[in-house]
Amino acid sequence: MNARSEPAQAGPDAPARPPLVRELLLVAGLFLVYKFGRRLATGHTAEAFRNAHHVWDWERVLRLPDEGTVQDLLLHGDTLVHVANTYYAAVHFPATLAFLVWLYLRRPAHYVWARRVLAAVTGAALVLHLLFPLAPPRMLGATGLLDTARVFGPSVYGPPRTDSLSNQFAAMPSLHFGWALMLAIGLIVATRTRWRWLWLLHPLVTLLVIVGTANHYWLDVIVAAALLGLALAVLRVSPRPRCALPRRRPEVRRRSSAERPELVGAGR
């Protein structure tokens, strides 16, 4: 990702890169499971709106910031809100895919770890989508929030009743934020450049975008971060391998004639 990042490891103790074909099939399979799993959670409209009212009330009890404050910042200009909608629609999957490809090519040990963490977080999220369907704040009239994608564009969603490509009642947890945060953590761990901490801007911008466009509640973000923290605690990155140094043979230094011991009385 960064040209000044630490060069790829080499040597006999460097981790082996997983077979490319197997990884392509595995990632494609995980993506299909993700899409199919989200489709299983559709059709729970009434429950999704009940849960949305509960989440909105819980946030007020917890005194979390009002999502409307973030949206008001975006609505200062049509260009800004259009950029936010584009970021929401176009960055999520390509950025995560580029992250995995770069790790596969440059950091194979970190790639396996990151892929496992992303799979674990996504699997846990799908379970929550099934158990707790949730309408996003843009659908809930009590929030007073605007569906910025529908008004200003671009939008990745159609009308919920006719949208056969996605499940719009899967707001909690926010995989947009969970994946973005994992991308930043993975690149910070896998690189040594002094600028690597700037990758945290990606989840920060993602957070402002998903809340400001009324696609997620603050609690969606908190739950996503908690799931990622749990996955990171269980699936820890393997320590960086060190190449074994060849043993140096002891040097045998020939003694000079001046250093050779003389025999007392020799030659007499």
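No experiment lies behind these values; they were computed from the predicted model shown. Worth knowing before you read on, the calculation uses all heavy atoms, side chains too, and leaves out hydrogens, waters and symmetry mates.
Using modelled atom types, no side-chain atom of E47 and backbone atom of P133 make a donor-acceptor pair closer than 3.5 Å. The closest donor-acceptor contact from the side chain of H176 to the backbone of T206 lies at 3.5 Å or more, if one exists at all. For the pair H82 (side chain) and G153 (backbone), a donor-acceptor distance under 3.5 Å is present. A donor-acceptor distance shorter than 3.5 angstrom exists from the side chain of T143 to the backbone of P137, with no hydrogens or angles considered. In this structure a side-chain-to-backbone donor-acceptor pair under 3.5 Å is missing from E67 to L145.
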Assess whether side chain to side chain contact (heavy atoms under 4.5 Å, CB included) is satisfied between L62 and L219, documenting all intermediate values. CA-CA 10 Å; L62 296 174; L219 281 179; 4.2 Å; yes
Check step by step if side chain to side chain contact (heavy atoms under 4.5 Å, CB included) holds for H129 and L126. CA-CA 5 Å; H129 294 164; L126 290 178; 4.0 Å; yes
Side chain to side chain contact (heavy atoms under 4.5 Å, CB included), that's the test. Do V91 and H202 meet it? Break it down for me. CA-CA 10 Å; V91 174; H202 175 50; 3.7 Å; yes
Worked check of side chain to side chain contact (heavy atoms under 4.5 Å, CB included) between V221 and I210: CA-CA 9 Å; V221 174; I210 62 178; 3.7 Å; yes
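Annotation: side chain of L134 is not in contact with side chain of L128 (no heavy-atom distance under 4.5 Å). Looking only at side-chain heavy atoms (C-beta outward), V81 and V151 stay at 4.5 Å or farther from each other. Proximity of Y104 to L100: side-chain heavy atoms (C-beta onward) are nowhere separated by under 4.5 Å. The closest side-chain heavy-atom distance from L232 to L228 is below 4.5 Å. Put simply, the side chain of T213 does not reach to within 4.5 Å of the side chain of Y87, judged on heavy atoms. Residues V55 and F132 have side chains in contact (heavy-atom distance under 4.5 Å, counting atoms from C-beta outward).
Atom CG of L227 sits about 11.5 Å away from atom CG of L181, to the nearest 0.5 Å. Rounded to the nearest 0.5 Å, atoms CZ (R107) and CH2 (W102) are 4.0 Å apart. Atom OH of Y88 is separated from atom OG1 of T148 by 10.0 Å, given to the nearest 0.5 angstrom. Residue W218 holds its CH2 atom at 12.5 Å from NE2 of H216, rounded to the nearest 0.5 Å.
Looking at every heavy atom in both residues, L183 comes nearest to A95 through CD1-O, 3.3 Å. For L175 against A125, the heavy-atom pair with the smallest separation is CD2-CB, 3.6 Å. Residues L103 and A190 come closest through the heavy atom pair CD2-CB, 3.9 Å. Shortest non-hydrogen contact noted between A52 and L140 is O-CD2, 3.7 Å. Here the closest non-hydrogen pair linking S155 and A149 is CB-O, 3.6 Å. Residues F177 and A225 approach most closely at CE2-CB, 4.1 Å, considering heavy atoms.
In this structure, R63 places its CZ atom where only 12 or fewer heavy-atom neighbours from other residues, nucleotides or ligands lie under 6.0 Å away. In the displayed structure, W197 atom CH2 is contacted under 6.0 Å by at most 12 heavy atoms of other residues, nucleotides or ligands.
Between W58 and H54, the angle of the ring planes stays under 30°, which puts this pair in the parallel group of the 30/60° scheme. In this structure, W179 and F93 have perpendicular ring planes: the angle between them is above 60°, well past the 30° mark.
Note on M182: it clusters hydrophobically with L208, by side-chain heavy-atom contacts below 4.5 Å among ILVMFWY residues. The hydrophobic clustering, which links ILVMFWY residues whose side-chain heavy atoms are closer than 4.5 Å, places Y217 and L64 together. Under a hydrophobic-cluster definition in which Ile, Leu, Val, Met, Phe, Trp and Tyr are linked whenever side-chain heavy atoms come within less than 4.5 Å, directly or via other members, V209 and L75 are assigned to different clusters. There is a path of hydrophobic side-chain contacts, each under 4.5 Å, that joins V205 to L187. Linking Ile, Leu, Val, Met, Phe, Trp and Tyr residues whenever their side-chain heavy atoms come within less than 4.5 Å places L207 and M172 in a single cluster.
Side-chain polar atoms of Q168 and R138 form a donor-acceptor pair below 3.5 angstrom.
Taking Y111 as the reference, E23 meet the side chain to side chain donor-acceptor pair (under 3.5 Å) condition, with sequence neighbours excluded.
Within the cation-pi definition used here (under 6.0 Å to the ring centroid, within 45° of the axis), R196 does not qualify as a partner of W199.
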